[in-house]
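Presented below is the structure to which this report refers.
These figures come from a predicted structure and were not determined experimentally.
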Amino acid sequence: MGRLKVAVLISGRGSNLQALIDACTDTAFPAKIVLVISNVADAPGLVRAKAAGIATSVIPHGKYPDRSSFDRAVTEALEGVGTELVCLAGFMRLLTERFCNHWRNQMINVHPSLLPAFKGLQTHARVLEAGVRISGCTVHFVRAEMDTGPIIVQAAVSVGADDTPESLAARVLEREHEIYSLALRLIGEGRVTVDGERASIDGADALIKAR
Ligand code: GRF
């Protein structure tokens, strides 16, 4: 079986993109990145993609009259290279229901909290404000409603009494990089099954024991 063809959608820094690029550098890894799309022309993540020799495309949302036409342009670019899985990695646009349905169970996202808690932006500030002791990150399949969808992998991070949103973000980000490439590997190996709104992983017991 060939390697899963992945496209990554970004808007900015691209550190999660870098984690996926690094994972895919190993030719034994079951996925490869065929395209990186950014809606922001000067996103630093584009430089990372080019440095790795990956094709890039800039699709500026401002050039489209509405969300639907932007989403159609993105789907066209994705299908043009035979994308089998879409990875959102700091992609800061809401996607239409139609787009999400088109890529249903073929599009994943990483979010810096233990979903379903703390959906949305300014996550770490809200985590600290709520006084929770444990935060973390989640990789999940994407549904039209923001930060919802079947959960694939999560990692927990302890919240310290003197954490700031920045210090917590930095520790969570390290785990994001780990679980995003892990989730991609599991999907590439064909070990992830979605049943309604729940995802299950073949061999998940072994996975947990190994940590
Ligand atoms: C990450 O924290 C991710 O969870 C969130 O946006 C941030 C993107 O960072 N969705 P990067 O561009 O991958 O460095």
Query raised in the report: Hey, quick one: are L114 and V127 part of the same hydrophobic cluster, counting side-chain heavy atoms closer than 4.5 Å, chains of contacts allowed?
Result: no

For L121, the hydrophobic cluster (side chain heavy atoms closer than 4.5 Å, chained through members) also holds M92

Sorted by chain and residue number, the side-chain hydrogen bond (donor to acceptor under 3.5 Å, both in side chains) partners of R143 (sequence neighbours excluded) come out as N105, E197

Margin query: Please determine whether side-chain contact (heavy atoms from CB on, under 4.5 Å) holds for the pair V110 and C87, giving the CA-CA distance in whole Å, both sets of side-chain angles, and the decisive distance to 0.1 Å.
Written below: CA-CA 8 Å; V110 62; C87 294; over 6 Å; no

Q) Does atom CG of N101 have more than 12 heavy-atom neighbours, drawn from other residues, nucleotides or ligands, at distances under 6.0 Å? A) yes

In short, H111 meets G120 closest at the heavy-atom pair CE1-O, 3.2 Å

* **Hydrophobic cluster membership, L173 vs Y180, 4.5 Å side-chain cutoff** => no

*asked:* Just so I know, are the side chains of P116 and T148 near enough to count as touching, which here means a heavy-atom distance under 4.5 Å?
replied: no

Distance col, row N109:CG vs D147:CG, nearest 0.5 angstrom, shows 6.0 Å

Excluding V40, membership of its hydrophobic cluster (Ile, Leu, Val, Met, Phe, Trp, Tyr; side-chain heavy atoms within less than 4.5 Å) reads none

Legend entry - Ion pair check, E129 and R126, cut-off under 4.0 Å: no

Rounding to 0.5 Å, atoms NE2 (H61) and OG (S38) come to a distance of 10.0 Å

The salt bridge (charged side-chain N to carboxylate O under 4.0 Å, His left out) partners of R98 (sequence neighbours excluded) come to none

Is any side-chain N of the basic residue among R171 and D163 closer than 4.0 Å to the acidic one's carboxylate O?
yes

Here the gap from C137 atom SG to E176 atom CD, rounded to the nearest 0.5 Å, amounts to 5.0 Å

Working note: I152 + V192, criterion side-chain contact (heavy atoms from CB on, under 4.5 Å); need CA distance, chi angles, decisive distance, verdict.
CA-CA 8 Å; I152 307 162; V192 181; 4.2 Å; yes

Quiz item: Hey, are S69 and D66 close enough side-chain-wise for a donor-acceptor pair under 3.5 Å?
Solution: yes

Does the side chain of S57 come within less than 4.5 Å of V36's, by heavy atoms? no

Point to revise | Common cluster, L17/I179, ILVMFWY with side-chain heavy-atom separation under 4.5 Å | key: yes

Practice task
Report yes or no: does R67 contribute a side-chain atom to a donor-acceptor pair with the main-chain N or O of L94 at less than 3.5 Å?
Solution key: yes

To the nearest 0.5 Å, atom OG1 of T56 lies from atom CG of L46 at 5.5 Å

With sequence neighbours left out, the residues meeting side chain to side chain contact (heavy atoms under 4.5 Å, CB included) with H124 are P112, P165, L168, A169, V172

- Can you check whether P30 reaches E189 side chain to side chain, under 4.5 Å on heavy atoms? yes

Donor-acceptor pair, distance only, cut-off 3.5 Å: does the side chain of T138 make one with the backbone of L115?
yes

Exercise for review: May I ask you to decide if E84's main-chain N or O and Q106's side chain share a donor-acceptor pair within less than 3.5 Å?
Suggested key: yes

Heavy-atom nearest pair, S135 first then V159, reads N-CG2, 3.7 Å

In this structure, CG of L186 is separated from CZ of R191 (nearest 0.5 Å) by 5.0 Å

If you measure only the distance, is there a donor-acceptor pair under 3.5 Å linking the side chains of H102 and E79?
yes

So if you build clusters from Ile, Leu, Val, Met, Phe, Trp, Tyr with side-chain heavy-atom gaps below 4.5 Å, do L182 and V8 land together?
yes

Please say yes or no: joined through hydrophobic side-chain contacts below 4.5 Å, possibly via intermediate residues, are I151 and I108 part of one cluster? no

Exercise. With no hydrogens and no angle check, is any side-chain donor or acceptor of T25 less than 3.5 Å from a backbone partner on I21?
Worked result: yes

Check: Would you say the side chain of P150 lies within less than 4.5 Å of the side chain of H140, judging by non-hydrogen atoms?
Finding: no

Rounding to 0.5 Å, atoms CD1 (I10) and CG (N16) come to a distance of 11.0 Å

Excluding V34, membership of its hydrophobic cluster (Ile, Leu, Val, Met, Phe, Trp, Tyr; side-chain heavy atoms within less than 4.5 Å) reads L9, L35, I37, I59, Y64, F70, V74, L78, V81, V86, L88, F91, L95, F99, W103, M107, V142

Open item on the list: I want to check something: taking the side chain as every heavy atom from C-beta on, are F118 and V132 in contact at a cut-off of under 4.5 Å?
Closed with: yes

query = Counting distance only, does the side-chain N/O of R3 pair as donor-acceptor with the main-chain N or O of F29 below 3.5 Å?
reply = yes

Between R48 and G14 (side chain of the first, backbone of the second, donor and acceptor by atom type, cut-off under 3.5 Å), is there such a pair?
yes

Smallest heavy-atom separation, C24 atom then A31 atom, equals SG-O, 3.4 Å

Exercise for review: Could you give me the CA-CA distance, side-chain angles and deciding distance for S181 and D22, then say whether side-chain contact (heavy atoms from CB on, under 4.5 Å) is met?
Suggested key: CA-CA 9 Å; S181 40; D22 293 346; over 6 Å; no

